[in-house]
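On a predicted model such as this, the values are computed, not experimentally measured, just so you know.
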Amino acid sequence: MRATVMYGAGDVRVENVPDARLVEPTDALLRVTRACICGSDLWPYNQMEPTAHGRRMGHEFIGVLEAVGADVRTLKAGDVVVAPFAWSDGTCVFCHEGLQTSCLHGGWWGGDLDGGQGEAVRVPQADGTLVRLPVDVDDALMPSLLALSDVMGTGHHAARAARVAPGHTTAVVGDGAVGLCGVIAAKRLGAEQIIMLGRHQDRIVLAQDFGATDIVSERGDEAVEQVKELTGGVGAHSVLECVGHGLSMETALSIARPGGAVGRVGVPQEETIPLAQPTFYDNITISGGPAPARAYIEELMPDVLEGRIEPGRVFDRVIGLDEVPDGYRAMNERESIKVLIEP
């Protein structure tokens with residue numbers, strides 16, 4: 001079968017790899033019908049050291065089950081399913097607590113395991129991982145349902161970690177797909193004022209459609225000053241940090257009001273969190289991490305199915321599998337917000 005393999009920074013190839021197959025009785029074999037490129041894929045795209053054997057890519061995908069293992073109880077061949085960006089057994093203590101990204105028997109797509117940016121995937125722990133979709137494989141809602149595999153759940157996780165509440169002010173740092181889904185999440189949770197920090201016009205328009213009430217295009221100290229002005233000098237109750245750079249985290253911490261909260265879901269690129277003393281004395285909560293997307297799919301899916309939210313609008317380019325290397329380039333050069341793949 002064909003799949004995407006990254007061999008180093010800027011070196012993405014689509015090539016033949018061993019066919020995905022059932023290995024354990026708890027596995028399922030999934031034929032990929034939709035996948036995408038994630039903003040987090042751009043970190044290795046820019047930084048990965050060259051390797052001879054490469055790394056399989058892709059952790060957001062939807063597909064049709066071709067076969068299931070003997071111990072799979074809740075799924076069958078022919079089911080249309082969505083896979084969250086981490087696989088989990090659904091039975092361990094952390095899965096029961098809704099933290100499937102810390103599953104004692106789970107893991108991550110790609111690496112030596114199949115990745116979603118290919119023709120098929122072996123899904124370990126299928127019962128705990130996959131969620132059946134109540135639609136046909138070509139349903140018009142597929143882009144928004146695909147967003148539940150990662151970016152919508154991640155935006156929601158940022159909002160939850162930042163304690164977004166009705167009537168409060170929320171600021172979103174980062175205008176990528178996760179930040180835009182963070183706007184959706186903040187609106188859905190009742191935020192009254194939603195400030196988007198971003199500077200790309202196409203993303204600003206989308207953020208406003210999703211519910212952003214104010215836009216701040218400055219960076220650094222100027223951005224902090226502008227947010228403070230928009231919030232009566234006190235800052236935001238909730239801040240969603242959706243980038244991971246040191247400057248974005250510093251901005252997020254600087255615009256949170258005393259007693260406020262920062263939900264960080266951008267993969268950190270630094271080892272330390274800035275502004276330790278000011279945030280300590282202002283009683284600012286810092287929370288977040290990799291979103292347990294599996295925990296949020298059933299909660300968010302009805303809003304997608306009934307048209308209350310449309311996270312699939314973050315996809316602004318559709319490509320075939322052979323075009324994936326150019327899809328990486330387009331996202332890296334900010335030509336595209338998020339690229340959808342139809343293998």
Side-chain angles (χ1 to χ4, degrees), residues 1-24 27-69 77 80-87 106-126 129-130 137-138 142-143 146-147 149-151 176-177 267 315-343:
M1 70 179 197
R2 293 177 61 72
T4 301
V5 185
M6 185 179 293
Y7 284 90
D11 186 3
V12 178
R13 312 175 198 175
V14 178
E15 56 188 26
N16 291 318
V17 301
D19 288 343
R21 60 186 181 87
L22 299 178
V23 176
E24 302 292 339
D27 290 349
L29 178 60
L30 180 148
R31 173 173 57 86
V32 178
T33 58
R34 302 286 194 292
C36 52
I37 300 172
C38 183
S40 65
D41 293 334
L42 299 181
W43 296 122
Y45 184 75
N46 284 287
Q47 301 172 0
M48 182 178 170
E49 294 295 326
T51 174
H53 62 273
R55 167 180 165 183
R56 299 281 290 280
M57 300 299 296
H59 54 259
E60 305 157 276
F61 54 95
I62 276 174
V64 178
L65 295 184
E66 298 285 293
V68 298
V80 179
V81 295
V82 59
F85 68 85
W87 50 274
W108 310 91
W109 307 111
D112 294 325
L113 189 68
D114 297 315
Q117 295 168 15
E119 292 180 326
V121 175
R122 171 200 160 217
V123 179
Q125 303 291 350
T129 300
L130 300 173
V137 71
D138 292 320
M142 276 299 162
L146 176 60
S149 67
D150 186 345
V151 287
V267 180
F315 295 106
D316 56 354
R317 181 176 299 202
V318 180
I319 62 173
L321 188 57
D322 289 337
E323 301 169 274
V324 167
D326 190 59
Y328 273 82
R329 179 205 59 77
M331 282 183 60
N332 192 57
E333 295 178 7
R334 301 298 186 268
E335 287 182 11
S336 180
I337 300 172
K338 191 167 179 67
V339 172
L340 189 150
I341 304 163
E342 295 183 347

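Enclosure of atom CD in Glu333 by more than 12 non-hydrogen atoms of other residues, nucleotides or ligands within 6.0 angstrom is indicated.
Separation of atoms CZ (Phe315) and CG (Leu146) is listed at 4.0 Å; rounding is to 0.5 Å. Of the inter-residue distances, the one linking His59 atom NE2 with Gln117 atom CD reads 8.0 Å to the nearest 0.5 angstrom. Considering OH of Tyr45 and OG of Ser40, their distance stands at 15.0 Å, rounded to 0.5 Å. In this structure, CG in Asn332 is found 10.0 Å from CH2 in Trp43, a value given to the nearest 0.5 Å. Between the CE atom of Met142 and the CG atom of Leu340 there is a distance of 11.0 Å, given to the nearest 0.5 Å. For the atom pair OG1 (Thr4) and CZ (Arg55), the distance works out to 12.5 Å, reported to the nearest 0.5 Å.
You'll find the side chain of Arg329 stays beyond 4.5 Å of the side chain of Val12, heavy atoms only. Residues Leu29 and Arg21 are not in side-chain contact: their nearest non-hydrogen atoms beyond the backbone lie 4.5 Å or more apart. Under the 4.5 Å side-chain criterion, counting only non-hydrogen atoms from C-beta, Asp326 is not in contact with Ile319. In this structure, Arg31 and Glu119 have side chains that are not in contact, with every pair of non-hydrogen atoms separated by 4.5 Å or more. Asp41 has its side chain within reach of Met57: a pair of non-hydrogen atoms, C-beta onward, lies under 4.5 Å apart.
Among all heavy-atom pairs drawn from Ala28 and Leu130, the shortest one is CB-CD1, 4.2 Å. Across Leu22 and Gly69, no two heavy atoms sit closer than the pair CD1-N, 4.0 Å. Contact between Gly118 and Val32 at its shortest, heavy atoms only, is O-CB, 3.3 Å. The two residues Pro124 and Leu113 come nearest to each other via the heavy atoms CG-CD2, 4.1 Å. When all heavy atoms of Asp27 and Glu24 are compared, the pair lying nearest together is OD2-N, 2.7 Å. When every heavy atom of Val5 is checked against every heavy atom of Gly54, the shortest pair comes out as CG1-CA, 3.7 Å.
Looking at Asp316, its side chain does come within 3.5 Å of a backbone N or O of Ile337 through a donor-acceptor pair. Judged by distance alone, with hydrogens and angles left aside, the side-chain atoms of Thr33 form a donor-acceptor pair with the main-chain N or O of Ile62 at under 3.5 Å.
The aromatic rings of Trp109 and Trp87 sit tilted relative to each other, their planes meeting at an angle between 30° and 60°.
Taking 4.0 Å as the cut-off between side-chain N and carboxylate O, Glu60 and Lys338 count as a salt-bridged pair. A salt bridge does not link Glu15 with Arg2: none of the charged nitrogens is closer than 4.0 Å to a carboxylate oxygen.
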Open item on the list: What verdict does the side chain to side chain contact (heavy atoms under 4.5 Å, CB included) test give for Asp19 and Arg122, after you've listed the backbone C-alpha separation in whole Å, the side-chain angles of each residue and the deciding distance to 0.1 Å?
Closed with: CA-CA 9 Å; Asp19 288 343; Arg122 171 200 160 217; over 6 Å; no

